[in-house]
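Below is one structure, written out as structure tokens, with a few remarks after it.
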Amino acid sequence: EAQVTQNPRYLITVTGKKLTVTCSQNMNHEYMSWYRQDPGLGLRQIYYSMNVEVTDKGDVPEGYKVSRKEKRNFPLILESPSPNQTSLYFCASIPIYTRSGSHEQYFGPGTRLTVT
Amino acid sequence: AQSVTQLDSHVSVSEGTPVLLRCNYSSSYSPSLFWYVQHPNKGLQLLLKYTSAATLVKGINGFEAEFKKSETSFHLTKPSAHMSDAAEYFCVVSDQGSGYALNFGKGTSLLVTP
């Protein structure tokens with residue numbers, strides 16, 4: 001089944017304790033991205049990657065890092081989490097090169113992070 | 001630059017009555033437009049998308065949206081609301097200027113009353 005998976009789905013942590021949220025897709029998509037969702041703000045893009053070893057900042061990159069060493073994986077790293085990073089996080093992937101020309105985004109199930 | 005505005009943060013309808021969720025967009029290019037739905041404590045589900053084909057787009061669960069370039073609008077409608085339609089709805093725009101990034105509206109919360 002074509003899907004985007006995220007782990008963990010729920011995480012409660014303390015300020016300053018480094019954490020990684022994993023994202024993996026099995027569709028061989030080139031483009032992957034991370035969004036955070038906050039009440040009243042919709043979803044905002046954190047980082048994106050056009051392909052392996054190619055990453056770039058989105059609209060709200062402060063406090064986050066990413067890496068893209070393999071095509072299927074795009075982990076989100078919070079080196080020193082703070083309470084303002086409490087949010088719902090979504091990973092997404094898109095096929096860039098498609099026969100149909102459709103660039104529909106496929107979303108993961110979300111990771112709810114609480115930083116105390 | 002692209003942007004999207006959802007004109008209502010909350011909409012309340014009675015079961016069986018029509019639903020209208022309003023969305024205006026701006027884009028310097030030919031946009032792709034989407035509506036996503038998010039049920040409580042659930043992920044995002046694509047309802048429908050417009051990508052420069054037919055201006056009237058039909059989606060899942062009886063929803064449809066019409067792309068009106070002259071009005072820069074992409075309103076979501078459904079003839080008859082069902083209790084299960086209660087959810088958060090997001091209008092989303094993407095264009096070639098943004099790469100493949102999606103620009104989300106702030107969401108409209110739909111309440112359906114018996």
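All values reported here derive from a predicted model rather than from experimental measurement. Order of the sequence lines sets the chain letters (A, B, ...), proteins ahead of strands, with each chain counted from 1.
- There is no contact between A/Y106 and chain B, counting heavy-atom distances below 4.5 Å.
- Looking at B/Q38, the atoms closer than 4.5 Å to chain A (heavy atoms on both sides) all sit in the side chain, from C-beta outward.
- With chain A as the partner, the residue from B/T51, B/L102, B/N103 showing the most heavy-atom pairs under 4.5 Å is B/L102.
- A/Y31 pairs by the ring-ring contact (aromatic ring centres under 6.0 Å, His included) definition with A/Y48, B/Y100, not counting sequence neighbours.
- Side chain of A/S67 to backbone of A/K69: no donor-acceptor contact under 3.5 angstrom is found.
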Sequence neighbours left out, cut at 3.5 Å: what donor-acceptor pairs do the side chains of residues 66-73 of chain B make with other protein atoms?
none

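- Proximity of a side-chain donor or acceptor of A/Q3 to a complementary backbone N or O of A/T5 within less than 3.5 Å is not detected.
- Comment: A/E30 engages A/K71 in a salt bridge, judged by a side-chain N to carboxylate O separation of less than 4.0 angstrom.
- Heavy atoms of A/Q105 lying under 4.5 Å from chain B belong to its backbone as well as its side chain.
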Enumerate donor-acceptor pairs with a distance under 3.5 Å from any side-chain N or O in residues 77-85 of chain A to protein atoms, sequence neighbours excluded.
residue: A/E79; atom: OE2; partner: A/K65; partner atom: NZ; Å: 3.1
residue: A/S82; atom: OG; partner: A/N84; partner atom: OD1; Å: 2.5
residue: A/Q85; atom: OE1; partner: A/S82; partner atom: N; Å: 3.0
residue: A/Q85; atom: NE2; partner: A/G63; partner atom: O; Å: 3.1

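- Only the side chain of B/L46 comes within contact range of chain A, with heavy atoms under 4.5 Å apart.
- Between the side chain of A/W34 and the main chain of A/F74, a donor-acceptor pair closer than 3.5 Å is present.
- In this structure, A/I12 places its CD1 atom where only 12 or fewer heavy-atom neighbours from other residues, nucleotides or ligands lie under 6.0 Å away.
- The contact list for residues 19-31 of chain B toward chain A, using heavy atoms and a distance under 4.5 Å, is empty.
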